[in-house]
Number of protein chains: 2
Amino acid sequence: MQTLKKRTTYSIGEFASLVGLSAPTIRYYEREGLLKAHRDSSERRVFTDVDIKWVKFLLHLKGTGMSINDLKQYVTWRAMGDETIPNRLALLKNTKTDFMNQYREVQHHLQILNDKINWYEAKETGNNQDSEAFADYLKRLGHTE
Amino acid sequence: MQTLKKRTTYSIGEFASLVGLSAPTIRYYEREGLLKAHRDSSERRVFTDVDIKWVKFLLHLKGTGMSINDLKQYVTWRAMGDETIPNRLALLKNTKTDFMNQYREVQHHLQILNDKINWYEAKETGNNQDSEAFADYLKRLGHTE
DNA sequence: GTACATCTTAAAGTGGACTTTAAGTCAATG
DNA sequence: CATTGACTTAAAGTCCACTTTAAGATGTAC
């Protein structure tokens with residue numbers, strides 16, 4: 001059973017748009033050690049599909065709240081081999097804990113935003129009980145602060 | 001039926017810690033026009049419970065993704081009276097739309113973070129199918145990218 | 001063979017949201 | 001009545017994550 005691997009490579013511009021970043025940002029990430037590019041005969045960066053997967057993974061981590069510095073730490077540990085798996089796991093779990101806390105807060109913020117939108121809409125359509133104040137409206141809904 | 005209103009006032013330091021900000025941040029918000037403080041006989045800022053409610057409300061809006069500039073716009077419209085309610089409503093609805101889009105993205109990021117944590121844990125306890133690659137693991141779970 | 005897009009580097013600049021500094025005022029306490 | 005701590009202002013500084021600039025090299029299209 002023979003497997004044909006597509007051997008596609010990308011310039012920094014192609015690569016950048018494939019992962020949704022700018023070329024300067026890719027260079028910046030490389031300077032920070034988050035990725036390393038191969039080079040062609042004239043020192044131009046060459047990227048592969050594996051690099052795409054890697055950057056997309058980094059962006060997922062970043063999207064959960066990890067800073068560039070956190071990512072650097074992760075990448076450093078990764079380069080050190082399997083004995084740093086506990087470190088990486090702890091970092092990811094802390095990230096998750098922070099994320100979940102933020103998540104809860106943000107849901108409360110959304111609730112207030114929704115309440116305010118509904119309050120304005122009631123006010124606009126004249127459905128407001130005698131121009132009820134927002135604070136009283138919230139109290140009536142059982143939403144604090 | 002007589003109502004006793006507690007007439008408590010706060011210095012900037014007390015106020016700041018009550019709303020979870022620093023005194024310089026309160027001054028910064030005042031400079032930006034997000035709030036205005038009363039002053040005592042020696043020009044020191046004086047805040048009330050109403051101000052606390054107001055700042056907390058602003059922080060809820062801020063927590064849904066509104067920038068200081070968005071808040072300034074909101075406050076400006078608010079000061080112009082009820083004819084700007086449609087403007088404010090539109091601003092809040094746009095904020096909500098942006099928020100919901102971000103929310104969905106971030107949930108996907110969390111999914112990948114969770115998958116990676118579980119993958120590491122499987123790897124640690126030796127429960128990994130022959131050191132299955134993360135990409136294959138994701139594919140098996142039906143999680144893209 | 002020349003124009004043009006795209007790449008290369010190092011270094012400086014940007015935006016947002018504060019934070020810090022410096023120099024001074026004021027009220028209360030010992 | 002001097003020290004202390006909390007306040008006042010304006011202006012400069014900080015942090016993060018990029019972005020922009022400048023000056024030059026290279027490969028491709030006509």
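Below, chains carry the letters A, B, ... as their sequence lines are ordered, and counting in each starts from 1. In what follows, every heavy atom counts, from backbone to side chain, and hydrogens, waters and symmetry copies are set aside.
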Tell me whether Ser22(B) contacts the main-chain N or O of Thr25(B) through its side chain, where contact means a donor paired with an acceptor under 3.5 Å. yes
Smallest separation among heavy atoms of Gly63(A) and His109(B), with atom names: CA-CD2, 3.5 Å
If only side-chain N and O atoms of Ser11(A) are considered, is one of them under 4.0 Å from the OP1 or OP2 phosphate oxygen of dT6(C)? no
Rounding to a whole Å, what distance do you find between Glu43(B):CD and dG24(C):C1'? 15 Å
Secondary structure string for DNA chain D (Watson-Crick or G-U under 3.5 angstrom, | for other-strand pairs): ||||||||||||||||||||||||||||||
Separation of Glu30(A) atom CD from dA10(C) atom P, in whole Å? 11 Å
Expressed as a whole number of angstroms, how long is the span from Arg27(B):CZ to dT9(D):C1'? 9 Å
Report yes or no: does Trp54(A) contribute a side-chain atom to a donor-acceptor pair with the main-chain N or O of Leu34(A) at less than 3.5 Å? yes
Short side-chain to backbone donor-acceptor contact, Glu105(B) and Gln102(B), under 3.5 Å: no
Expressed as a whole number of angstroms, how long is the span from Glu32(B):CD to dC18(C):C1'? 10 Å
What's the NE2-C1' distance between His38(B) and dT8(D), to the nearest Å? 18 Å
Here's a test for you: under salt bridge (charged side-chain N to carboxylate O under 4.0 Å, His left out), which of Arg39(A), Lys72(A), Lys36(A) qualifies with Glu30(A)? Arg39(A)
For the side chain of Asn118(A) and the backbone of Asn114(A), is there at least one donor-acceptor N/O pair under 3.5 Å apart? yes
Reading nucleotides 16-29 of chain D 5' to 3', which nucleotides get B (base under 4.0 Å from a protein heavy atom), which S (sugar-phosphate only), which -? -BBBB----BBS--
Donor on one side chain, acceptor on other, Tyr74(A) and Arg88(A), under 3.5 Å: no
Please state whether the phosphate of dC7(C), meaning OP1 or OP2, lies under 4.0 angstrom from any side-chain nitrogen or oxygen of Arg45(A). no
So, does Thr48(A) use its side chain to make a donor-acceptor pair with the main chain of Val50(A) at under 3.5 Å? yes
In whole angstrom, what separates Leu61(B)'s CG from dA17(C)'s P? 14 Å
Provide, to the nearest angstrom, the distance between the CD atom belonging to Glu14(A) and the P atom belonging to dT6(C). 10 Å
Nearest-angstrom distance from the residue atom CG of Leu71(B) to C1' of dG16(C): 13 Å
Answer yes if the ring centres of Tyr10(B) and Phe15(B) are under 6.0 angstrom apart, and no otherwise. no
Quick one, which residues of residues 91-98 of chain B touch DNA chain D with a heavy atom under 4.0 Å? none
Donor-acceptor side-chain pairing of Asn87(B) and Thr84(B) below 3.5 angstrom: no
Begin with the C-alpha distance, continue with both residues' side-chain angles, and end with the deciding distance and a verdict on salt bridge (charged side-chain N to carboxylate O under 4.0 Å, His left out) for Arg27(A) and Glu32(A). CA-CA 9 Å; Arg27(A) 293 193 192 98; Glu32(A) 294 299 318; over 6 Å; no
